[in-house]
Amino acid sequence: MPELPEVETTVRLLRRELVGRRFLRVSLKWPRQCPTPEDLRTELPGREVTALSRRGKFIVVHLDPADRTLLVHLRMSGQLSVQPESAPFDPHAHTVFSLDDGLELRFSDTRKFGRVYLLRDPEDVFAQLGPEPLDSAFCPKWMRERFRTRKRAIKTLLLEQSVVAGLGNIYADESLFRAQIDPRRPASSLNSREVRALHRAIRAVLEEAIEHQGTSFDWVYSGGEMQSRLKVYGRKEQPCSRCATPIQRIVVGQRGTHLCPRCQR
DNA sequence: AACAGCCCCTGGGTGC
DNA sequence: TGCACCCAGGGGCTGT
């Protein structure tokens, strides 16, 4: 379940391998992952990668000519890696991009939720996203404005990409634990002190996770060490690190949710 | 506008 | 041992 730290780590790794490379061919083995497969096949070959960046959970591949931008969203199980053509066949590599140095960029996605887009203007997609949590536009004032009219559970709002771009189930739970806020609380019930604590917690959790190259979980994403630092996610019935009360797993907004029933109010 | 609920997928886990 | 079933989870979509 790649979230902001895992996507950021992926972008940093791929940047070294992709910038300056030119796309030769695109092979689509499951075209449904690309909303416009024809455009991808005809427009991408010949373009050079000028830069890689991230917006929320989107990987952004900047191109020359610049009238198209390649976006990749990993969703649940997507993985993006550069490999030699001779690397072992991966049955889940649904989209394979041939590069001008003989290597391949492979988009592998067991559950097929991920998406690849080739767009004229990525701002059409980014306009739906809230601010980057590590940017100054994401501030307690802005959070309070978004929470003011919302009765839904605060956890559910943290997962909305229009509120803040990049949080997923793991780091939403971890942020709420660090801020000592019950994930079921109506968003509008948080006072300004609690919003400030949550703001600080989100930034601290994400920064720590990026520093440790994300969380390796299941077969989905590997490489990071953050899983050993998680305080609640995946720790059902294990003692809370603050008070030793067993961590609970409940369901909030149809998502598995982990909390300390004593520390989080 | 806000929100609940369903859907897409697959492989791992569970229970019989 | 084998097999049917259930579930996770991001986000788009529909219906209320």
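Here is how names work: the chains are called A, B, and so on, in the same order as the sequence lines, proteins then strands, and each is numbered from 1.
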What are the atom names and distances for every N/O pair under 3.5 Å that joins the protein to nucleotides 4-7 of chain B?
| residue | atom | partner | partner atom | Å |
| --- | --- | --- | --- | --- |
| B/dA4 | OP2 | A/Arg152 | NE | 3.1 |
| B/dA4 | OP2 | A/Arg152 | NH2 | 3.1 |

Base, sugar-phosphate, or nothing: which does A/Arg115 touch, judged by heavy atoms less than 4.0 Å apart? nothing
Return yes if a side-chain donor-acceptor contact under 3.5 Å exists between A/Arg25 and A/Ser98, otherwise no. yes
Counting only heavy atoms not in A/Arg262 (residues, nucleotides, ligands), do more than 12 fall under 6.0 Å from its CZ? no
Which nucleotide sits closest to the side chain of A/Arg75: C/dG12, C/dA8, B/dC9? C/dG12
Just compare C/dG10, B/dC3, B/dG11 and give me whichever is closest to any side-chain atom of A/Thr110. B/dG11
Do the ring planes of A/Phe58 and A/His73 sit parallel (below 30°), tilted (30 to 60°) or perpendicular (above 60°)? perpendicular
Quick one: is [N] close enough that its OP1 or OP2 comes under 4.0 Å of any side-chain N or O from [X]?
X: A/Tyr233; N: C/dG9; result: yes
X: A/Lys151; N: B/dA2; result: no
X: A/His73; N: C/dG11; result: yes

Short question: side chain of A/Glu3, backbone of A/Ile170 - any donor-acceptor pair under 3.5 Å? yes
Are A/Arg54 and A/Glu132 side-chain neighbours, meaning at least one heavy-atom pair lies under 4.5 Å? yes
With DNA chain B as reference, determine whether A/Lys112 or A/Thr149 sits nearer its 5' end, using the nearest nucleotide of each. A/Thr149
Does one hydrophobic cluster hold both A/Leu63 and A/Val82, with members joined at side-chain heavy-atom distances below 4.5 Å? yes
